[in-house]
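Here is the structure we will look at, set down as C-alpha cells.
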Amino acid sequence: MTTNAHIEKKRLETPPATIKFKIQRREKEGAPAHWETFELQYRRNLNVISALMEIRKDPVTIEGKQTTPPVWDMSCLEQVCGICTMVIDGKVRQSCSALIDDLLLASNSDTVTLAPMSKFPNVRDLKVDRSKMFDHLKQVEAWVELDGSYDLGPGPHISNEVAQERYAFSRCMTCGCCLEACPQYGDDNYIGPQAIAQARLFNMHPTGKMTAEDRINGLLGDDGITNCGNAQNCIQVCPMGIPLTKAIYETNRDITVNALFGWLKK
Amino acid sequence: MASSGLKIAIVGGGLAGLAAAMKIAEAGHEVDLISVVPVKRSHSVCAQGGINGAVNTKGEGDSPAKHLDDTVYGGDFLANQPPVKRMTDMAPEIIYLFDRMGVPFSRTKEGLMDFRRFGGTLHHRTAFAGASTGQQLLYALDEQVRKWEVGGKVTKYEGWEMLSLVLDDHQVCRGLVAMNLQTLELKSFAADAVIMATGGPGMVFGKSTNSQTCTGSAVGACYEQGAKYANGEFIQVHPTSIPGEDKLRLMSESARGEGGRVWVPRDPMDARKPKEIPDADRRYFLEEKYPAYGNLVPRDIATREIFQVCLDGAGVGGENQVYLDLTHIPAEVLTEKLGAILEIYEMFVGDDPRYVPMRIFPGVHYSMGGLWVDFEQRTNIPGLFAAGECDYSIHGANRLGANSLLSCVYGGFVAAPSAMDYAKNVERGSSETNGVHAAELARQQEINDSIINSEGGENQYKLHEELGKVMTDNVTVVRYNDRLQATDDKIREIQDRFKNISINDSNLWATQAVPHARQLSNMLNLARVITLGALNRNESRGAHYKPDFPERDDENFMKTTIAEYSAEAPVLSYEPIDVSLVEPRKRDYSSSKKKA
C-alpha cells in the first residue's frame, strides 16, 4: 500500500520527574555573568522555548529565590527566522527546535544548560546583538542588481539543478551558528562563512554573475576569505545544512581564476 | 517647505513593508523603517507554500480573470472586487520581478518557473521555492532594501516597537512614536506619511501559527486613535496545524497540494499503527464529501470538516486530531517538493512524515480583517496607509492559499505610490505639527510609567493565556451568540484586571515585560472588535460559521463590518461592497461546476 519504510527514532523512555534549567544571567552588556537554576515539572513535548515561557511567568530559582525573568529573543518558533539561537548544553542551535526529551536523552541527565552565543555582544541574559552579520551582507553586496522594479518580464532561464543549488544557500537565516562555532571568527578579524556563502549565492545567478567581482572584492580585505582556517566547524553546526565549505572552496577558486586570468578580459 | 525629498515612515519590515520601502527608495525618497525584529526575521519567512499568479505556462487557459474569480469566490463574496482585480492583474509581473531578483523558484525542464496547484483553484498557478517560498521572497526584498540602505535612502530602526501615531489637531497623521526595546527610550518619528505593514494579530488567540511578534499591537494603537478596523471577525483557522505547547506550527497546504490525504480510522480507537490500517477501514472524509476538489477544498471547509469529525468523537484515538497522510508518495519526491515543511514536523514532533502519517488539527492562522483602507490603501486617517495582512482589503471572508504573499507585495506596491502622492501634496511645516510630537511622546511615557509603577498583583502572562483560551474556544471555527457575548464579558473582565498588573521584572534593560504589557492592552481592544463583529454578524460566510445561522445572507450581510473605537465598546457599522465584476453566487465546492 505504501512505498516508504518506517524508520524508528530513539525516544526518551524513562523521563525524570522534574527538569532543571541552568541559565546564564547578565543584567546588561558589560555586567558580570552569573548562573541561576530553575526547576519545572516534566512534561512530554516541551521545547526550550516552552520552558523559558513557563519560567518567565513566575521566575523563582531552585533555591526559592524570586528573581528577574530570563530575557531571550524569539519569533517564528519554526526554526526559520533564526532569532532564538543560543548555546544549549554546549552546542549552538535554535532554542525553538531544541526538544527537551532529546536533550535529556543526549546528556543522560535531568539538566539543560542555556547560555548566550559568545561571539556577539550580550545584550542581556540569553539575548545577543547580531547586527554585524547584516553589515557583512552589505560588505559583499549580497543582492542582484536590478535596472528597476518595474515590469521587465521574467528573469533568465535557469536549470532546476542550479535553482536547487542556489536554494540551499538561500535558506541561510543569519542565525550565527557558523560564526559561533568558527575558531577564526571574532573581534572583526574575519567575515566568516555566512557572508561568503551569500556572495556565492548571487555569484551563481546568471544576472548576479555580472557583478561577481564586486562581491569578491568584499572578500579580499584583511577580514576576507583567506582567514578561513579550514576547521570545517561551520558545516557541522549549520541548522539549514548549507554547504558552507563548498561555498568557501568555490569562492576561493573564483578568486584564483580571476587573479590568473582576469587580465584577459581587459 | 523643505527642498529635500519626502520622508515616509513604514512600520513593519515583512513582505509588505519591504515592498513599499523598495518602491519609495527607488523613487528617490527617504524611508524610516521601524521593526520589532531585524526585518529579515519578520513573520513572512513562515509562509511556506507559494505565491499565486495566473502566468499560464502550463497550457491550461489560466488568466488573471480566473484568478480574480477564484479569489472572490473563495472569499465568499465579501471583498470589494476592484482591488482584487488589480492584484490578480498585477500578479504575473510581481512573480517575474521576484524571478529577476534571483529567488530560487523551482524550475521546469525548460528552465522556466514551475507552478503547482493549491486549494480553491483547478489551475497550476502557484510559484514556489522549495517549501519556504515566504522566506525566499522576504530575503529577496530584504536584499534589495539593504542595497537602498547602503545607498542612504532607507534607515532601519530594528528593535523598535511602534506605540502610537502622532496626530495633529485635525486628526492628520504626522508620524509616530516608537519604543527602543533595549533601552525603553521613546522617540517620535516625523514623517510626511506613515504606512502600516505590521502583519496579523494571531497572538490575540494565545497560540496560533503566527510568530510571537504578530500581536497586532501597533494596529490596535491606530484603531484606538481613530483608524477604522474592518471585518475583524474574519479569522482564518488553518485546517492543518501541529499542536504544540509554545505555538501551533503550520503544516502547509502544499502537503495537500502535493497529494496529501486526510483520513481517520473508521474505528477511532483502532489500536493498529496507521500504516497497518487497510483502506477499507479508513475514512477519507474530504474525498467522500467533495469528490471534485477532494483534499483540496478551501481552508475554511477543510477546517470545519476536520473540526466536526473530531467534535463527533471520530478523531484519531477519540482526540482532537486526524491523519494527514503523505506516505503513499515516494520519499525522494516528498524531500524535493516538501522538504522544509516535513522537516518542521519531524523537528517538533519527532516522527518523519515521509514514513508516518502526520497528526494535525486546525489552528488560528490568518486575519482577513484589518485596518480599513480604500482602493489606494489609504486608511480613514489622512497620511496613514496600510498594506499586507494588517489591512482588510483583499481576501473577503476567507483567504485562498498562496494569495497572502501576493497580497502583501501588491499592498506594498500600491501603498507606496499612494503615500508618495499624498506626501507630495500635504501641507508641511513646523506651524502645523508644532508641539504634537512632544505631546504624544509625553503621553506615551506616562503610559509606560504607569505600567512600571503598577502594583496590583495581576500576572500579565496569565492574563494573556486567559484571553487566548477564551478566544480560541469561542471565536474560531464554530460560533454561538451566547458564547460570543460571554467572551466579550470575559475580555472586559481581563481589561479591568489589566489595570492591576505588576510587571515581574525589576531590571528594565531589554525587559520583555513592558513591551508585552503594551501589546496586551492593544490585543484586548482587538479581541473585542473580533468578538463583537462575530456576534453581530448573524449569518455564515467563509471563515465565519454560526450553526444557528448556517446560510450566507447577502441581503443583510454582504457588507464590510466597520469597527470604530470608543471607550465603552467598539461602534459597529456596515458598508456595502463593490461586486461590479463578478456576480455573487453560492459557494459550493462539492462539484467542479461552480458557476451558478
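Only this structure's heavy atoms are used, side chains among them; waters, hydrogens and symmetry mates stay out. Order of the sequence lines sets the chain letters (A, B, ...), proteins ahead of strands, with each chain counted from 1.
- The part of A/Pro70 that comes within reach of chain B is its backbone (N, CA, C, O), which places non-hydrogen atoms under 4.5 angstrom from that chain.
- The greatest number of non-hydrogen atom pairs below 4.5 Å with chain B, out of A/Thr67, A/Ile49, A/Leu77, A/Leu46, is found for A/Leu77.
- Residues of residues 199-209 of chain A lying within less than 4.5 angstrom of chain B, judged on heavy atoms, are A/Phe202, A/His205 in numerical order.
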Starting from the C-alpha separation in whole Å, work towards a yes-or-no answer on side chain to side chain donor-acceptor pair (under 3.5 Å) for B/Asp246 and A/Asn47.
CA-CA 8 Å; B/Asp246 51 342; A/Asn47 58 1; 2.7 Å; yes
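- The two residues B/Cys46 and A/Val80 have their closest heavy-atom pair at SG-CG1, 4.1 Å.
- Under the 4.5 Å side-chain criterion, counting only non-hydrogen atoms from C-beta, B/Trp509 is not in contact with A/Glu29.
- Rounding to the nearest 0.5 angstrom, the gap separating the OG1 atom in A/Thr68 from the CD atom in B/Gln512 is 11.0 Å.
- B/Asn504 has its side chain within reach of A/Pro69: a pair of non-hydrogen atoms, C-beta onward, lies under 4.5 Å apart.
- Of all residues in residues 129-138 of chain A, those placing a non-hydrogen atom less than 4.5 angstrom from a non-hydrogen atom of chain B are A/Arg130, A/Phe134, A/Leu137, A/Lys138.
- Within the 4.5 angstrom heavy-atom criterion, only side-chain atoms of A/Arg43, from C-beta onward, approach chain B.
- No donor-acceptor pair under 3.5 Å is formed between the side chain of B/Arg41 and the backbone N or O of A/Ser75.
- Salt bridge status for B/Lys147 with A/Glu141: absent, with no side-chain N to carboxylate O gap under 4.0 Å.
- Between chain B and the residues A/Gly82, A/Ala163, A/Ser97, the most heavy-atom pairs under 4.5 angstrom are made by A/Ser97.
- Residues B/Glu245 and A/Asn45 have side chains not in contact (no heavy-atom distance under 4.5 Å, counting atoms from C-beta outward).
- For CD of A/Glu27, the number of neighbouring non-hydrogen atoms (other residues, nucleotides, ligands) closer than 6.0 Å is 12 at most.
- Most heavy-atom pairs under 4.5 Å with chain A, from the set B/Gly244, B/Gly130, B/Gly159: that is B/Gly130.
- To the nearest 0.5 angstrom, B/Glu143 atom CD is 6.5 Å from A/Ser170 atom OG.
- Only the side chain of B/Val150 comes within contact range of chain A, with at least one heavy atom under 4.5 Å from a heavy atom of that chain.
- Proximity to chain B is limited to the side chain of A/Gln164, based on heavy atoms less than 4.5 angstrom apart.
- Formation of a donor-acceptor pair under 3.5 Å by the A/Trp143 side chain with backbone atoms of B/Val145 is not found in this model.
- Contacts with chain A were tallied for B/Met22, B/Met90, B/Lys23, B/His43; B/Lys23 has the most, counting heavy-atom pairs under 4.5 Å.
- Looking at B/Ser42, neither its backbone nor its side chain comes within 4.5 Å of chain A, counting heavy atoms on both sides.
- B/Glu465 meets the salt bridge (Lys or Arg N to Asp or Glu O under 4.0 Å) test with A/Lys57; sequence neighbours excluded.
- Proximity to chain B at a heavy-atom threshold of 4.5 Å picks out A/Gly153, A/Pro154, A/Gly155, A/Pro156, A/His157, A/Ile158, A/Ser159, A/Asn160 from residues 153-162 of chain A, in numerical order.
- Within a 6.0 Å sphere centred on NZ of B/Lys207, other residues, nucleotides and ligands contribute more than 12 heavy atoms.
- With a 4.5 Å cut-off on side-chain heavy atoms, A/Met74 and B/Lys247 do not count as touching.
- Interface remark: B/Phe105 contributes backbone atoms only to the contact with chain A (heavy atom separation under 4.5 Å).
- Proximity of A/Ile83 to B/Val37: side-chain heavy atoms (C-beta onward) are separated by under 4.5 Å at one or more points.
- Contact annotation for A/Leu152: both backbone and side-chain heavy atoms come within less than 4.5 Å of a heavy atom of chain B.
- With respect to chain B, the highest number of heavy-atom pairs below 4.5 Å among A/Gln198, A/Met173, A/Lys127 belongs to A/Met173.
- Residues A/Cys96 and B/Phe348 form a side-chain contact, since some pair of their non-hydrogen atoms from C-beta on lies under 4.5 Å apart.
- In this structure, the portion of A/Met53 lying under 4.5 Å from any heavy atom of chain B is its side chain and not its backbone.
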Assess whether side chain to side chain donor-acceptor pair (under 3.5 Å) is satisfied between A/Tyr167 and B/Ser106, documenting all intermediate values.
CA-CA 9 Å; A/Tyr167 178 70; B/Ser106 291; over 6 Å; no
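- The candidate from B/Asp99, B/Asn507, B/Leu97 with the greatest count of non-hydrogen atom pairs under 4.5 Å with chain A is B/Asn507.
- Taking all atoms of both residues into account, the shortest heavy-atom contact from B/Ala510 to A/Val123 is CB-CG1, 4.0 Å.
- The closest donor-acceptor contact from the side chain of B/Gln144 to the backbone of A/Val144 lies under 3.5 Å.
- Counting heavy-atom pairs closer than 4.5 Å to chain B, the top residue among A/Glu54, A/Gln66, A/Glu145 is A/Glu145.
- Between the side chain of A/Glu78 and the backbone N or O of B/Ile344 there is no donor-acceptor pair closer than 3.5 Å.
- Counting heavy-atom pairs under 4.5 Å between each of A/Arg56, A/Glu165, A/Lys28 and chain B puts A/Arg56 at the top.
- When atom types are taken as modelled, the side chain of B/Arg100 and the backbone of A/Gly148 share a donor-acceptor pair closer than 3.5 angstrom.
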Run the numbers on B/Glu343 and A/Gln79 for side chain to side chain contact (heavy atoms under 4.5 Å, CB included), then give the verdict.
CA-CA 10 Å; B/Glu343 276 168 29; A/Gln79 201 192 286; over 6 Å; no
